[in-house]
Amino acid sequence: MDKKYFNFIKRLNPMQKSNFYFLLVIVLFFSCKEKHHSNTVETPLKPAEEYFKEKYGDLGEDYFASKHKIIKEEIINRKYQKDGSPRFDGNYINQGPSNIGCRINCIAIHPTSKQKIFVGLSQGGIFTADSWGSDFKAIFDEQENLTISDIEFNPKNPSTMYAATGDLNGGFYLGLGNGMYKSTDDGNTWKQIGLAETRILSKIIIDPDSPNILYVSALGNLYTKNEHRGIYKSLDGGDTWEKIFYISDSVGVIDMVMNPSNPSKIFAVTWNRVGTNVGSVIQGTDSHIYVTEDAGLKWSKVQGGLPIDSSNGRIALAMHKANPNIMYALYNRNINCGNGLGQNAAQLFYTEDQGLSWKDIPFKASNSGFPCELLGSFGWYFGKLFIHPNDPKDIMVLGVDLFRSKDGGYSWNQEDDNGIHADKHDLVFTDDGSYFLATDGGLYLNNKDQRDWQDFENISGTQLYRVAYNPNYPDYYYGGAQDNGSFYGNKANTKEWERLYGGDGFQMAFHPTDPLIMYAESQNGALGQSRDGGFTFNRFTRGFQGSKNWDMPYMLSWHDPRKLIAGSNRVYVNRNDSSANFRAISPNLILGNIYAARSNPTISSLH
């Protein structure tokens, strides 16, 4: 308001002020009313629309009416990046790595071309190899979503394939999918066929007699309660879908198995699973096994000795293909394995009458050999149990390690060795009894004849958290990856990138003029410094306290590269790179419960 009008109002007495404000309201009313009828007034734009208008000009109502379709097409055609900024004119070049490893969620072997294998990555799409040992190539990169949970073939026409998206094994950082995809040419091209709203799909099963009948289980968006959970059915190869099973907005379906000799009989595993900023639910009284005997019209909870009233975590379910009367079920729960409560294997059940009656197997007896901590206290990350196709007593449980029993679960031995990457997620048997194993660090083959492990390190799908630039070696690229450490390399040899630092790899930082000084980080602020160009690292955290983010932010000062700044619940600074001696330069920034959180909130970004 102009100063002279402010002074004028200030000199009025109370009655005059009252009359003045009354007249002002009348004037504004008729002014707004007149504008309402004006033909020149535009509908207010939403914030995102304002952004695009400022960036690209007045594109008109037609553009904004169809903006989602247009933006989607422009991203696919590579005209614009996802943040709206134009792409550069050049081409992207794969710099690697293809020898570091990546998290694989699922494996599929072609039903007729037995040497052809497909793998679905947690964040990298689908890769395939025409023969075991050959280089894997990406076949899903043109799609909007690269988070794969399952791959299945039409049993009567294997050139038709289906892929489900969403990270069924995710933890706090989930990869959300956008539904189902279908290929009719052996995976060369793909089409999205619905269920995008489910966000995380977990399993596809196909009726072997009528392969246009599909069943897909959905966990839903685990970041919020929602109705897009349960089981969906299609009668026309995925053109249309109907939800046929649903428990609640916080209960999804994590797995299904179908009786191949009676496709109308399907078992489904439900799971209480929601993770928000105020709480994480990983087990509950709705986590059970259900069955339908009429192709999904009616469902009932499986009883016969199973814990139907207890609070359960993720349940692993397996059916023997040659004899579907035989099934095993492994229940996870919050139990103490000596290091406090955590999600660990709690009970193992066995049935040989198709689920009518179940036997509780003492698989963790003191002399069984099964480690209580096999699931690492984060059993929500694992949920697979496998039965050897030639022997129903030969079973394997996937966890941090791989354990095998050849007597139906009474005695166990570790199947993998120290050369196999930790955290197992899928297993597929070959016809000769060998098997492929999917891990956080890539794909392995246990060769039955040679009795050894083959490591497939030629998949360029490493799940990078961060990339970094080293000004001292501009031709090299640096990065940190999920469960595969920090590393560097370039396209000169994508198969020989060098690992520098372990754990989950995050941000790296480099002294701008001294090539010997660099920093690398693993989860929860485990910062290391190297003073010999990356050959050795020493922990560099002395004095740095407080709760830290999984991807803890830190940076070299723009003004003094000897100074390192990092954030936990306070901002800390280390003023000289000769030694670690961090000091807080801010108060506790999360005091007073100003943020609702399921755990201690942390600083997530510094700039």
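Please read these numbers as outputs of a predicted model, since none were measured by experiment.
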Checklist entry - What's the shortest heavy-atom distance between T462 and A481, and which atoms? => result CG2-CB, 3.4 Å
Item to check | Least distance between heavy atoms, F370 atom then K364 atom | outcome: CD2-CG, 3.7 Å
Next on the checklist: One thing to verify: whether K384 and D426 come together as a salt bridge, which I'm taking to mean a side-chain N less than 4.0 angstrom from a carboxylate O.
Outcome noted: yes
Next on the checklist: In the structure I gave you, are the side-chain heavy atoms of V400 and F378 within less than 4.5 Å of one another anywhere?
Outcome noted: yes
Checklist entry - Using a distance-only test with no angle check, is there a side-chain donor-acceptor pair under 3.5 angstrom linking N339 and E373? => result no
Next on the checklist: Is the positively charged end of K548 above the ring of F544, judged by distance under 6.0 angstrom from the centroid and angle within 45° of the axis?
Outcome noted: yes
Item to check | T270 side chain vs H288 backbone, donor-acceptor pair below 3.5 Å | outcome: yes
Checklist outcome for this item: Rounded to the nearest 0.5 angstrom, the CD-CD1 distance for Q143 and I148 is 9.0 Å
Checklist entry - Is it true that atom OH of Y476 has more than 12 heavy atoms of other residues, nucleotides or ligands lying nearer than 6.0 Å? => result no
Checklist outcome for this item: Sequence neighbours excluded, the answer for side-chain hydrogen bond (donor to acceptor under 3.5 Å, both in side chains) partners of N472 is N470
Item to check | side-chain contact (heavy atoms from CB on, under 4.5 Å) assessment of F382 paired with D423 | outcome: CA-CA 8 Å; F382 311 102; D423 300 343; 3.5 Å; yes
Next on the checklist: Rounded at 0.5 Å granularity, tell me how far OG in S149 sits from CD1 in I204.
Outcome noted: 6.5 Å
Item to check | Heavy-atom closest contact (N178 atom, Q192 atom, distance) | outcome: O-NE2, 2.5 Å
Next on the checklist: Quick check on D532: does its CG atom have over 12 non-hydrogen neighbours (other residues, nucleotides or ligands) under 6.0 Å away?
Outcome noted: yes
Checklist outcome for this item: dist I200:CD1 -> D167:CG (nearest 0.5 Å) comes out at 6.5 Å
Checklist entry - Between E152 and K203, does at least one N-O distance fall below 4.0 Å, as a salt bridge requires? => result yes
Next on the checklist: Is there a side-chain contact between Y477 and Y469 in this structure, where contact means two heavy atoms from C-beta onward sitting under 4.5 Å apart?
Outcome noted: no
Next on the checklist: Could you check whether any side-chain heavy atom of Y488 comes within less than 4.5 Å of a side-chain heavy atom of Y473, counting everything from C-beta outward?
Outcome noted: no
Item to check | Test log, rule ring-ring contact (aromatic ring centres under 6.0 Å, His included), inputs Y519 and F537 | outcome: CA-CA 8 Å; Y519 300 87; F537 281 83; 8.6 Å; no
Checklist entry - Short question: side chain of S287, backbone of N312 - any donor-acceptor pair under 3.5 Å? => result yes
Next on the checklist: Donor-acceptor pair, distance only, cut-off 3.5 Å: does the side chain of T439 make one with the backbone of G442?
Outcome noted: yes
Item to check | Test: D416 and K424 ion pair at under 4.0 Å | outcome: yes
Next on the checklist: Would the distance check show the side chain of Q529 and the main-chain N or O of M518 forming a donor-acceptor pair, the cut-off being under 3.5 Å?
Outcome noted: no
Next on the checklist: Against D440, only a single residue in H421, H425, Q463 fulfils side chain to side chain donor-acceptor pair (under 3.5 Å); can you say which?
Outcome noted: H425
Checklist entry - Do R404 and N413 have side-chain heavy atoms sitting under 4.5 Å apart? => result no
Checklist entry - Does T147 reach the main-chain N or O of L176 with its side chain, forming a donor-acceptor pair under 3.5 Å? => result no
Checklist entry - Using the benzene-type ring in the case of Trp, are the ring centres of F386 and Y435 under 6.0 Å apart? => result no
Checklist entry - Do L564 and L556 touch side chain to side chain, with heavy atoms closer than 4.5 Å? => result yes
Checklist entry - Atom CZ of R199 and atom CG of L222: how far apart are they, to the nearest 0.5 Å? => result 12.0 Å
Checklist entry - Between N344 and N332, do the side chains contain an N or O donor and an N or O acceptor separated by less than 3.5 Å? => result no
Checklist entry - Would a 4.5 Å heavy-atom cut-off, applied to side chains only, mark Q283 and N272 as touching? => result no
Item to check | Separation between CG of L317 and CD1 of I254, rounded to the nearest 0.5 Å | outcome: 12.0 Å
Checklist outcome for this item: Scanning both residues in full, the closest heavy-atom pair of S248 with R229 reads O-CD, 3.8 Å
Checklist entry - Is any side-chain N of the basic residue among R273 and D286 closer than 4.0 Å to the acidic one's carboxylate O? => result no
Checklist entry - If you look only at pairs with a residue in residues 567-576, which of them pass as a side-chain hydrogen bond (donor to acceptor under 3.5 Å, both in side chains), with sequence neighbours excluded? => result N576-S578
Next on the checklist: Counting only heavy atoms from other residues, nucleotides and ligands, does the tally under 6.0 Å from CG of D560 exceed 12?
Outcome noted: yes
Checklist entry - CE/M508 to OG/S530 distance, rounded to the nearest 0.5 angstrom? => result 8.5 Å
